[in-house]
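This report concerns only the one structure given below.
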Amino acid sequence: MDTQKQSSTSFDHIVNLLGQSKSLSNTSRIPQSVLAMAPHLANLQSKVSADPYIAKTWVLCQEYSKEKVIDSLIILGQLQQLKDPISCAMWKLVMLDQFVDFDKLYVMLDRGYGHYDKPKDFSGGFSSVKKDVTTVKRPVKSELDWTRVFDAWMAAVILFYPHHENELFAYRTRILDFCQNIPNDTAIAI
């Protein structure tokens with residue numbers, strides 16, 4: 001499958017950019033100083049480590065969130081030739097494995113939307129943010145709307161978390177099946 005080969009290549013490229021080994025076991029997930037203050041977290045950490053799929057997501061998210069790494073990765077994401085490019089703010093949410101509001105993402109898929117939506121920093125801890133970035137939404141109402149938004153989001157996720165590809169394709173198929181089985185009210189499925 002070309003997508004898997006491309007995802008693997010993207011992952012290898014990202015690992016090289018980060019200067020990290022692919023091994024998941026060599027990364028300390030929670031600092032020892034935190035574990036000393038909250039020893040119960042060690043049990044939670046061991047549960048995460050026991051599932052290699054979750055552990056891989058955790059390790060990548062930790063690496064992506066390091067200072068200055070995220071900015072480089074956002075630029076890398078912006079340089080990808082995707083069917084529907086996404087904004088810097090959405091790239092950041094994807095890379096940090098955070099919730100992405102599909103209603104906000106749907107607005108950003110319009111051809112005229114400016115994808116370089118990073119806040120402008122001023123002195124004193126203040127930033128200027130374009131109003132559209134924080135408030136504008138367009139409801140995802142149909143199967144077609146959902147498919148377009150999901151595909152844009154999925155393409156971004158797979159670039160930085162390639163091990164999620166099969167899971168996301170299965171989820172997409174399931175939702176589309178629900179839409180087919182509830183043709184008069186697809187909002188229930190989406």
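Heads up: numbering here begins at 1 and tracks the sequence.
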To the nearest 0.5 Å, tell me how far His164 NE2 sits from Lys56 NZ. 9.5 Å

For Asp103 and Val140, indicate whether the former's side chain and the latter's backbone hold a donor-acceptor pair under 3.5 Å. yes

Test of understanding: clusters of I, L, V, M, F, W, Y form through side-chain heavy atoms closer than 4.5 Å, transitively. Do Leu109 and Leu144 belong to the same one? no

Those residues that, when tested against Ala42, pass side-chain contact (heavy atoms from CB on, under 4.5 Å) (two or more places apart): Leu35

Kindly give the heavy-atom pair with the smallest separation between Ile86 and Gln78, and that separation in Å. O-OE1, 2.6 Å

Evaluate side chain to side chain contact (heavy atoms under 4.5 Å, CB included) for Lys104 paired with Met90, printing each intermediate quantity in order. CA-CA 9 Å; Lys104 286 185 178 183; Met90 289 295 157; 3.9 Å; yes

By side-chain hydrogen bond (donor to acceptor under 3.5 Å, both in side chains), which residues pair with Arg174, not counting sequence neighbours? none

Output every pair passing ring-ring contact (aromatic ring centres under 6.0 Å, His included) with a member in residues 67-89, not counting sequence neighbours, ordered by first then second residue. none

Give every residue pair that meets the ring-ring contact (aromatic ring centres under 6.0 Å, His included) criterion with at least one member in residues 72-91, sequence neighbours excluded. Trp91-Phe160

Pairwise distance OG1(Thr57) to CG(Asp51) - rounded to 0.5 angstrom: 8.5 Å

Measure the CH2-CG distance between Trp153 and Leu105 for me, rounded to the nearest 0.5 Å. 10.0 Å

Side chains of Cys61 and Tyr161: does their closest heavy-atom pair fall under 4.5 Å? yes

Charged N to carboxylate O under 4.0 angstrom, Asp151 versus Arg172? yes

Taking atom NZ of Lys92 and atom CG of Leu73, what is their separation to the nearest 0.5 Å? 12.0 Å

Any residue meeting salt bridge (Lys or Arg N to Asp or Glu O under 4.0 Å) with Asp97, in chain and number order, not counting sequence neighbours: none

Is there side-chain contact between Leu159 and Leu82, with at least one heavy-atom pair below 4.5 Å? yes

Is there a donor-acceptor contact under 3.5 Å from the side chain of Gln80 to the main chain of Leu76? yes

Could you list the residues that satisfy ring-ring contact (aromatic ring centres under 6.0 Å, His included) with Tyr106, not counting sequence neighbours? none

Any chance you could measure Glu167, atom CD, to Ile158, atom CD1, to the nearest 0.5 Å? 10.0 Å

Would you please classify the geometry between the Phe150 ring and the Tyr171 ring as parallel, tilted or perpendicular, with 30° and 60° separating the classes? tilted

Please report the closest heavy-atom contact between Glu63 and Lys66, naming both atoms and the distance. OE1-NZ, 3.1 Å

Can you find a heavy atom in the side chain of Trp146 that is under 4.5 Å from one in the side chain of Lys141? no

Working to the nearest 0.5 angstrom, can you tell me the gap between Glu143 CD and Ile182 CD1? 11.0 Å

How close do Pro139 and Asp145 get, heavy atom to heavy atom, and via which atoms? O-OD2, 4.2 Å

Indicate yes or no: at least one non-hydrogen side-chain atom of Val157 is less than 4.5 angstrom from one of Glu165. no

